Student: 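I have a structure I would like to understand better, so I am pasting it below and will then ask my questions one at a time.
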Amino acid sequence: MSDAPADDQLVVELTDLVFLAAGRLRQGFNAIAAELGLTPAQALALVNLRGPAPMRDLADILSCDASNVTGIVDGLEKRGLVTRRPDPADRRVKHLVLTTEGSRRRDQLTTEANARAEALFAALGPDRTHLRDLLAVVAARQDPQP
């Protein structure tokens with residue numbers, strides 16, 4: 001038989017700690033983005049563009065409306081980091097393509113973010129693998145129901 005109040009408190013503590021850790025990772029990522037002259041949204045767009053992709057796909061990845069992606073992409077395009085190319089099958093659809101500078105900036109952002117994450121998780125030592133495995137179980141759950 002489970003102790004409901006204790007279980008409830010554990011869930012609260014787990015939730016708080018996951019959000020705190022994610023917040024620290026986000027703060028580091030946003031600081032790197034700022035150092036590179038990018039907004040957090042632009043930086044997220046860069047790290048999520050791996051190949052030519054429709055703007056709609058980027059909106060889905062960023063969990064935002066397609067109209068918001070236009071402003072993000074405008075800023076990246078002004079900096080010479082992405083270009084828009086018409087889809088040969090449907091010219092109404094624009095594919096986003098990283099430029100050489102966009103790829104370089106994405107790689108720099110990823111490398112620096114990984115270095116900051118390494119520093120954050122270094123205190124765990126070999127327990128990092130265990131944390132990864134536990135978080136993978138949580139992440140794999142589909143639409144958890146209470």
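Predicted model only: the values in this text are computed from it and were never measured.
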Student: Taking the side chain as every heavy atom from C-beta outward, state whether Leu14 and Phe19 have any atom pair closer than 4.5 Å.
Tutor: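 Of all side-chain heavy-atom pairs linking Phe19 with Leu14, none is under 4.5 Å.
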
Student: What heavy-atom pair brings Val73 and Met55 nearest, and what distance separates the two atoms?
Tutor: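 Closest approach of Val73 to Met55, heavy atoms only: CG2-CE, 4.1 Å.
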
Student: Less than 4.0 Å between a side-chain N and a carboxylate O, is that true for Arg106 and Glu101?
Tutor: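 Salt bridge between Glu101 and Arg106, a charged N being under 4.0 Å from a carboxylate O: no.
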
Student: Is the backbone N or O of Gly125 less than 3.5 Å from a side-chain atom of Arg128, with the two atoms forming a donor-acceptor pair by type?
Tutor: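 Indeed, once roles are kept as given, a pair shorter than 3.5 Å links the two residues.
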
Student: I'd like to check Leu46 versus Leu81 (side-chain heavy atoms, cut-off strictly below 4.5 Å). Are they in contact?
Tutor: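 Yes, side chains in contact.
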
Student: Can you find a heavy atom in the side chain of Lys94 that is under 4.5 Å from one in the side chain of Pro54?
Tutor: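 Not in contact.
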
Student: For a 4.5 angstrom cut-off between non-hydrogen side-chain atoms, does Thr111 reach Gln108?
Tutor: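 Not in contact.
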
Student: Flag the pair Arg56 / Val69 as yes when at least one side-chain heavy-atom distance between them is below 4.5 Å, and no otherwise.
Tutor: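 Heavy-atom side-chain distance check fails, nothing below 4.5 Å.
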
Student: Looking at Asp127 and Arg132, is there a salt bridge between them, counting it only when a charged N and a carboxylate O are closer than 4.0 Å?
Tutor: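 No salt bridge links Arg132 with Asp127.
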
Student: What residues, two or more places apart in sequence or in another chain, satisfy side chain to side chain donor-acceptor pair (under 3.5 Å) together with Thr129?
Tutor: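 With sequence neighbours excluded, Thr129 shows a side chain to side chain donor-acceptor pair (under 3.5 Å) to no residue whatsoever.
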
Student: Between Arg84 and Asp74, is there a side-chain heavy-atom distance shorter than 4.5 Å?
Tutor: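 Touching, per the 4.5 Å side-chain cut-off.
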
Student: Output yes when Glu35 and Arg116 qualify as a salt bridge under the 4.0 Å nitrogen-oxygen rule, no when they do not.
Tutor: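 Looking at Glu35 and Arg116, the cut-off is met.
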
Student: Hey, are Arg91 and Asp87 close enough for a salt bridge, meaning a charged N less than 4.0 Å from a carboxylate O?
Tutor: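 Result for this pair is no, no salt bridge flagged.
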
